[in-house]
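What follows is one structure encoded as structure tokens, with my remarks underneath.
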Protein chains: 2
Amino acid sequence: MKVLSKSCVYGLRALLYIVSEKPRGAFVNIGEISEQLNISFHFLTKTFQVLTQAGILQSYRGPNGGVALARPAEEVFLIDIIHLLEGPGFFDNCLLGLAGCGEAAPCPVHDFWISHKAALKEEFRTASLAQMGARINMKKLRLGP
Amino acid sequence: MKVLSKSCVYGLRALLYIVSEKPRGAFVNIGEISEQLNISFHFLTKTFQVLTQAGILQSYRGPNGGVALARPAEEVFLIDIIHLLEGPGFFDNCLLGLAGCGEAAPCPVHDFWISHKAALKEEFRTASLAQMGARINMKKLRLGP
DNA sequence: ATATTTTAAGACATAATAGTATTAAATCTT
DNA sequence: AAGATTTAATACTATTATGTCTTAAAATAT
């Protein structure tokens, strides 16, 4: 059940690494993240570029450079990242891929799919990076291998 | 939120078409299905080959040939089709793609993901083709464009 | 100034998925 | 038996996703 693209998964894991491992606002070397999480450096860099251009991250080149959250971790939600990296219509697709599937002309699995989808969306909408970071440290959850 | 591959979606829609539109056990022309559901004939044929070899469908060549359910529609469940066309581990993957994610070493979204996943799996496990076919006819649900 | 560190950007390569075309085999009709 | 119809099997092409590599640009340190 592959739901998220690699790019999105990497983005999420990397952001969660930053908020859980680093003091707020600190610039983190992309090389360190890619190493710790076992993600291709260049691939991660590309993903981060999207997040930087979208104003989620800020970046700084040169020695002691890196990336840092551009906004307070309390104000960034997982759904923001997902919408950025998967596209804005991510939570709107029919499970069977039918265009215009909805209450008016539902597909056979519309009813139960829409309820699960909405619940999932709500979880991502309310989960902030700050909250997740705290949870990760408290419960010692893992982000890498 | 693309969860199922095209092949799987086509397989599900096609089977639901058969059980909802045709008398039980009838052989249906693949060309008719691909036309009605607006699916590439050859692609659908390939998908059906998997289902035929797995014993879900039986096929017959020549004039008036086609495919038909090989077992009673009450005994075929959506999860069977999904496992065949997506792979047997479909409902076992970590949302963040971490190998060995589980109770012992959970990822940050393990808890809520596993509950949604289990609920979804249960729906597919208990939904038979017969049941779905009846629902489709009763509620006039759609399978194509 | 020059060299070093680091992200940015884009080109290139590989793999997975999706879609198309061709040929073969089985069955039916006449 | 001949020809038409229909699935089976294989091969080929196209598209997208993923991953790698190279060069450029920016900042720092010496």
Starting from C1' on dA16(C), measure out to NZ on K2(B) and report it in whole angstrom.
10 Å
Does any N or O in the side chain of R13(A) come within less than 3.5 Å of the main-chain N or O of L143(A), such that one atom is a donor and the other an acceptor?
yes
Check whether R135(A) reaches the backbone of P108(B) with its side chain - one donor and one acceptor, N or O, closer than 3.5 Å.
yes
Of the options S7(B), S40(B), S5(B), which is the one that meets T47(B) in a side-chain hydrogen bond (donor to acceptor under 3.5 Å, both in side chains)?
S7(B)
Between dA9(D) atom P and F48(B) atom CZ, what is the distance in whole Å?
15 Å
What residues 53-63 of chain B contributes to the DNA chain D interface at heavy-atom separation below 4.0 Å is Q53(B), S59(B), Y60(B), R61(B), G62(B), P63(B)
Using ring-ring contact (aromatic ring centres under 6.0 Å, His included) as the criterion, list what pairs up with F124(B), not counting sequence neighbours.
F112(A)
Could you check how far NZ of K6(A) sits from P of dT17(C), rounded to whole Å?
11 Å
C107(B) to C101(B) - nearest heavy-atom pair and separation
N-SG, 3.4 Å
Euclidean distance, atom CD of residue Q49(A) to atom P of dT18(D) [Å, nearest integer]
17 Å
Shared hydrophobic cluster, F27(B) / I18(B) (ILVMFWY, side-chain heavy atoms < 4.5 Å):
no
Starting at atom CG of N64(A), determine the distance to atom C1' of dA26(D), rounded to an integer number of angstrom.
14 Å
Among residues 22-46 of chain A, which ones have heavy-atom contacts with DNA chain D below 4.0 Å?
S40(A), H42(A), F43(A), K46(A)
Does K117(B) use its side chain to pair, donor to acceptor, with the backbone of N93(B) at less than 3.5 Å?
yes
Closest contact, heavy atoms only, V67(B) versus S59(B)
CG1-CB, 4.0 Å
